[in-house]
Amino acid sequence: VCLPSNRTSSGARRRRTRCRRCEACLRSECGECHFCKDMKKFGGPGRMKQSCIMRQCIAPVLPHTAVCVVCKEAGKEDTLEDEEDKFNFMLMECSICNEIVHPHCLKMSDASGVVNDELPNCWECPKCNHAGKRGKGSTCVCKTKSHEPDVSSSSSSSSSADLHRYRRLKCVQMERHVIRPPPISPPPDRLPLKDGKTHVIQREVWMKIFNYLSHQELCVCMRVCKTWNRWCCDKRLWTKIDLNSTTPLMLSGIIRRQPVFLDLSWTNISKKQLSWLINRLPGLRVLKLSGCSWAAVSALCTSSCPLLRTLDVQWVEGLKDAQMRDLLSPPTDNRPGQSLGPQSSAYETDLRLAGLDITDTSLRLICQQMPNPSRRTRNPGGCSATATTWWTRGLCNRVTDHSLNFFKRCGSICQIDLRYCKQVTKTACERFIAEMSVSVPFKLKEDKLLQKAS
DNA sequence: TGTAACGTCTCT
DNA sequence: AGAGACGTTACA
Ligand SMILES: [Zn+2]
Ligand SMILES: [Zn+2]
Ligand SMILES: [Zn+2]
Ligand SMILES: [Zn+2]
């Protein structure tokens with residue numbers, strides 16, 4: 001009997017399993033939810049056999065034993081550096097036909113798969129996407145579900161039911177991102193010339209030269225030829241992206257480059273554009289939104305950004321205490337997910353709040369949500385125990401001495417910048433230092449600039 | 001092995 | 001459509 005390798009011995013499709021890293025996975029069982037009450041350990045009959053609702057994984061992963069149906073090998077993204085290579089050699093499970101493949105192994109250069117952002121390693125494979133023959137571009141998956149092609153209803157059920165369950169959990173209108181067909185080859189090492197020969201300079205040398213160019217100059221180079229276009233798209237050249245105005249075309253350009261540092265300060269970006277971006281930049285660590293509208297910044301209330309470490313919301317018009325509460329609380333629509341507050345997985349956090357019309361109320365909320373030191377020992381990323389949380393603030397006229405009381409309970413805090421908070425006194429800062437001296441010694445680096453003394 | 005719980009089937 | 005049941009998988 002010859003079974004496809006992406007099925008188990010009994011022919012069932014491969015199950016996903018919890019990621020063990022997300023906020024939900026790291027929680028312990030609540031003991032109170034419907035499924036906990038069913039568990040034998042909580043005195044139930046144990047018939048339902050479901051995960052605690054509080055622990056339902058945000059991003060279930062393919063099992064370690066999963067392999068590509070074509071080449072029978074596992075995912076190889078960890079061994080690759082380039083973002084495109086990573087994608088081509090990671091395992092992708094089709095939500096319609098359930099096949100698990102390396103996109104590279106499909107070799108369908110003319111068709112494109114549609115990546116599903118809701119689950120890791122999930123897409124509609126080029127075959128199924130082609131068979132579906134739906135219009136491309138943004139489509140609400142919730143709405144299109146009812147007229148999905150009936151590929152295999154009689155033979156074997158597809159995973160769109162895995163997905164449906166998951167969507168119920170995470171029911172947010174998700175746009176889908178059509179990706180380019182996987183490139184056939186890695187970027188060429190040499191520049192082909194007209195006479196059939198190649199240029200003497202190798203790619204890595206060119207890359208060193210490109211490194212000296214501004215982004216504007218790189219854009220000019222990208223128009224020179226296919227090879228330069230490919231080379232100039234290298235993510236190493238685009239780790240930091242600055243924009244002073246945003247257009248839809250630029251947004252897709254940002255996605256292709258997957259920056260970790262994104263500066264959208266003082267731009268006219270809209271809420272829709274920002275959430276579109278955040279949903280597609282899982283690796284984003286630094287996000288600068290100073291001078292943007294609260295309408296735009298509020299996109300952060302509904303999108304999670306797991307690796308974000310620095311958030312700059314200085315001078316965001318309309319960001320007051322109530323808005324800060326929304327920003328710090330988990331998404332309101334029952335979706336599991338991380339808020340952008342400091343309780344996210346980030347262990348070094350830099351939050352810039354200057355110029356906001358916030359009061360002590362916001363600071364109390366922020367301090368409440370700071371990771372407390374005892375919880376940090378569970379850090380899944382293996383981040384060292386000395387990792388610190390770093391706060392910078394300033395120029396909030398309505399913040400008073402009272403806020404310093406909240407900071408006393410945040411053992412992980414590293415720096416508090418109150419220099420421009422007119423209502424905060426030097427005396428209060430000195431009292432803060434004195435009271436903290438037993439547990440966490442602080443010093444005054446400048447007037448009203450508190451810094452951990454270690 | 002044992003424990004957790006995924007995916008799907010059945011019943012309402 | 002939704003809830004419950006359960007065989008079977010994932011993983012230690
Ligand atoms: Zn529970
Ligand atoms: Zn998880
Ligand atoms: Zn393969
Ligand atoms: Zn498929």
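Just so it is clear, the values below take in all heavy atoms, side chains as well, and ignore hydrogens, waters and symmetry mates.
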Aromatic ring pairing A:Phe89/A:His102, orientation class (parallel under 30°, perpendicular over 60°, tilted between): tilted
Atom-pair distance (CZ on A:Arg47; C1' on C:dG7), nearest Å: 16 Å
A:His64 side chain near C:dC11 phosphate (N/O to OP1/OP2, under 4.0 Å): yes
Toward the 5' end of DNA chain C, by each residue's nearest nucleotide, A:Val61 or A:Met48: A:Met48
Residue A:Lys49, side-chain heavy atoms: nucleotide from C:dG4, B:dA5, C:dA10 that is nearest: B:dA5
base_contact_polar (B:dG7 base, A:Gln50 side chain, donor-acceptor, <3.5 Å): yes
For atom CG of A:Leu62 and atom P of C:dA10, their distance in whole Å: 10 Å
d(CZ, A:Arg21; P, C:dC11) in whole Å: 15 Å
Donor on one side chain, acceptor on other, A:Arg18 and A:Ser51, under 3.5 Å: yes
Side-chain ion pair, A:Glu93 and A:Arg16, N-O less than 4.0 Å: yes
Residues A:Arg14 and A:Thr65: side-chain donor-acceptor under 3.5 angstrom: yes
Test log, rule salt bridge (charged side-chain N to carboxylate O under 4.0 Å, His left out), inputs A:Glu204 and A:Arg236: CA-CA 12 Å; A:Glu204 278 312 308; A:Arg236 287 172 292 175; 3.4 Å; yes
A:Arg16 or A:Asp38, whichever maps to the more 5' nucleotide of DNA chain C: A:Asp38
Short side-chain N/O contact to B:dA5 OP1/OP2 from A:Arg55, under 4.0 Å: yes
A:Arg15 CZ to C:dC11 P, straight-line distance once rounded to whole Å: 11 Å
Value in whole Å for how far the P atom of C:dC6 lies from CE of A:Met39: 17 Å
Distance in angstrom units between A:Arg27 CZ and B:dA5 P, rounded: 13 Å
Length of the line joining A:Arg18:CZ and C:dA12:P, which is rounded to integer Å: 13 Å
Whole angstrom value for the distance that separates C1' of B:dT3 from NZ of A:Lys40: 11 Å
Which nucleotide in C:dG4, C:dG7, C:dC11 has an atom nearest any side-chain atom of A:His34: C:dG4
